[in-house]
Each structure stands twice: as structure tokens, then as C-alpha cells.
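Residue numbers run from 1 in the order of the sequence given. Quick caveat, the model's predicted, so the values are computed rather than measured.
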Amino acid sequence: MKKHCTESGNGSDGLIIDFANTVACDGCRVGDGLADPKNTLRWLRLHESALGRWEGPPPIPELIRLRVTVTNLLNAASGDTQARTADLRELNRLSGLGATFPTLSWEGKMRSVLTISQANDRKTALLAKLASTAATFLCEVEPDKVRRCQGPRCRHYILARTSKHLWCSPTGCGNRARVARHYERERQDSTESQT
């Protein structure tokens with residue numbers, strides 16, 4: 001059954017934007033969140049409520065490839081580019097690897113449902129969860145809500161809550177943009193007073 005995208009809210013907003021924003025950014029002065037096992041494990045632990053607990057070495061190359069796919073699709077969602085067929089195919093392939101199904105257990109009056117993944121290993125389950133969450137997010141996000149941060153040299157994304165939401169960080173990129181505007185006004189005032 002095909003589900004049509006709606007503009008309803010969803011719970012994947014923070015996870016997918018955070019995943020895309022693990023990329024190194026000179027504008028924000030942050031390093032690559034997937035650059036090494038320590039940083040990758042830190043990111044996975046921050047999101048363990050959505051992704052489950054990760055133990056052992058993280059699948060960094062696979063996560064980086066998925067991040068490229070997700071950021072390409074976020075660029076398309078923000079209107080910067082067209083969605084590429086190869087990116088859609090890759091996201092859907094990974095998403096399908098972790099198909100889940102509920103199983104019911106019933107002991108006396110106690111009933112519970114456990115969701116089981118068909119992924120054959122933890123790495124596949126992790127990639128499939130991120131890919132399926134990204135697919136749902138990209139389907140449900142409202143038009144014009146996914147934006148690139150307007151900070152100079154920033155490579156991060158935001159999920160704009162208002163039309164004035166322009167920066168990934170009001171104290172980082174936002175502050176630098178305000179300071180740059182201030183200096184530009186000062187420079188213009190100084191130039192005008194000299195003429």
C-alpha cells in the first residue's frame with residue numbers, strides 16, 4: 001500500500017537534520033561528527049533512543065555514504081537541486097534492508113508487542129533505520145522548511161520553524177552574520193561621512 005506524503009509533523013526532524021549536520025563546517029567551526037570512532041560513537045549515543053544502543057566499532061564508511069545520500073536529498077528538499085534517481089534508489093535500498101514487523105506475546109493477562117527487524121546484522125539495522133527515518137522525514141516535511149543555514153561558509157541544514165529562522169545556531173552563525181552586517185553598516189557610514 002502506498003502512503004501519500006502529508007504535511008503533518010513527525011518525530012524524525014532532529015535525527016535527520018542532526019545526521020546531515022555531522023559534516024565538518026568551517027562556518028560553525030565544528031569538525032566532522034563521523035570522522036573517527038570516538039565522534040561517531042558520541043553521535044550514536046546522543047541518538048540511541050531513536051537508533052538503539054550501539055556497541056563496538058561503528059560502520060563509519062557506510063554512515064558517511066548514507067550521509068552523502070541524505071544531504072543530496074536535503075538539498076533537493078530545500079530547492080537547491082533536483083532529487084537524483086541514484087540517491088532515491090540508495091535510500092530506498094537501505095531502508096528496505098531493515099523491514100520490521102510486530103510480534104505479539106501473550107502470557108496470562110499480560111500482552112506486549114515487540115518490533116523485530118529483518119536486518120541480518122546490527123550495522124544493516126542501523127543504516128536501514130536511518131534511511132527509513134530519512135525517507136519518512138523527506139516525505140512529510142513541509143515545503144520550504146528545510147533550508148541551508150545562511151551563515152557565511154556554513155554547510156549545515158535547519159528545519160525552519162518560522163520565516164525568520166535563518167541560522168543553524170543563533171549564537172554561532174547568527175551572531176557572525178549580525179556582526180558582519182554591523183561592520184558593513186559602520187563601513188558604509190564611514191564612507192558616506194568622508195564624502
*Under 4.5 Å between side-chain heavy atoms, hopping through other hydrophobics if needed: is there a path connecting L130 to V23?*
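No, L130 and V23 fall in different hydrophobic clusters.
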
*Is there a path from V30 to I64 through hydrophobic residues (I, L, V, M, F, W, Y) whose side chains come within less than 4.5 Å of each other?*
no

[X] [atom1] to [Y] [atom2] distance, which is reported to the nearest 0.5 Å:
| X | Y | atom1 | atom2 | answer |
| --- | --- | --- | --- | --- |
| T71 | F19 | OG1 | CZ | 8.5 Å |
| F137 | L159 | CZ | CG | 5.0 Å |
| R67 | E62 | CZ | CD | 13.0 Å |
| I60 | L34 | CD1 | CG | 7.5 Å |
| L127 | L97 | CG | CG | 8.5 Å |
| L15 | T133 | CG | OG1 | 5.5 Å |

_I16, V68, D87 screened by side-chain contact (heavy atoms from CB on, under 4.5 Å) with L73, the one that passes_ = D87

Could you report the tightest heavy-atom contact between [X] and [Y], atom names first, then the distance?
| X | Y | answer |
| --- | --- | --- |
| A131 | S95 | CB-N, 3.6 Å |
| A134 | L91 | CB-CD1, 4.0 Å |
| H156 | C25 | NE2-CB, 3.5 Å |
| A76 | A83 | CB-N, 3.5 Å |
| R155 | A24 | NH1-O, 3.2 Å |

Side chains of [X] and [Y], heavy atoms from C-beta outward: is any pair under 4.5 Å?
| X | Y | answer |
| --- | --- | --- |
| K129 | L126 | no |
| T124 | L94 | no |
| L44 | L51 | yes |
| V146 | L138 | no |

*Results of ring-ring contact (aromatic ring centres under 6.0 Å, His included) for Y157 - residues two or more places apart only*: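 With sequence neighbours excluded, Y157 shows a ring-ring contact (aromatic ring centres under 6.0 Å, His included) to no residue whatsoever.
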
*Yes or no on side-chain contact (heavy atoms from CB on, under 4.5 Å) for V70 and L74, after CA distance, side-chain angles and deciding distance?*
CA-CA 6 Å; V70 168; L74 284 171; 4.0 Å; yes

*asked:* Go through it in stages, so that I can follow the logic: the residues are W43 and N21, the test is side-chain contact (heavy atoms from CB on, under 4.5 Å), and I'd like the CA-CA distance, side-chain angles, deciding distance and then a yes or no.
replied: CA-CA 11 Å; W43 188 85; N21 288 348; over 6 Å; no

*For D36, which residues count as a salt bridge (charged side-chain N to carboxylate O under 4.0 Å, His left out) partner, sequence neighbours excluded?*
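Partners of D36 by the salt bridge (charged side-chain N to carboxylate O under 4.0 Å, His left out) criterion come out as none, since no residue qualifies.
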
*Please lay out, stage by stage, how N72 and T69 fare under the test side chain to side chain donor-acceptor pair (under 3.5 Å).*
CA-CA 5 Å; N72 288 345; T69 298; 5.7 Å; no

List the atom pairs, with distances to 0.1 Å, where a side-chain N or O of residues 102-110 and a protein N or O form a donor-acceptor pair under 3.5 Å, not counting sequence neighbours.
from, atom 1, to, atom 2, distance (Å)
T103, OG1, L114, O, 3.1
S105, OG, S112, OG, 2.7
W106, NE1, G108, O, 3.0

*Begin with the C-alpha distance, continue with both residues' side-chain angles, and end with the deciding distance and a verdict on side chain to side chain donor-acceptor pair (under 3.5 Å) for R148 and N75.*
CA-CA 8 Å; R148 282 283 197 151; N75 278 336; 3.2 Å; yes

Heavy-atom count around [X] [atom1] within 6.0 Å, excluding the residue itself: above 12?
| X | atom1 | answer |
| --- | --- | --- |
| R53 | CZ | yes |
| D144 | CG | no |
| E55 | CD | yes |

*W54 six-ring centre to R122 NZ/CZ under 6.0 Å and within 45° of normal*: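 Judged by the rule, R122 and W54 form a cation-pi pair.
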
*asked:* For R45, is there an ion pair with E48 - N to carboxylate O distance below 4.0 angstrom?
replied: no

*Quick check: does any side chain N or O of N92 sit under 3.5 Å from a backbone N or O of L88, one acting as donor and the other as acceptor?*
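It does hold such a pair.
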
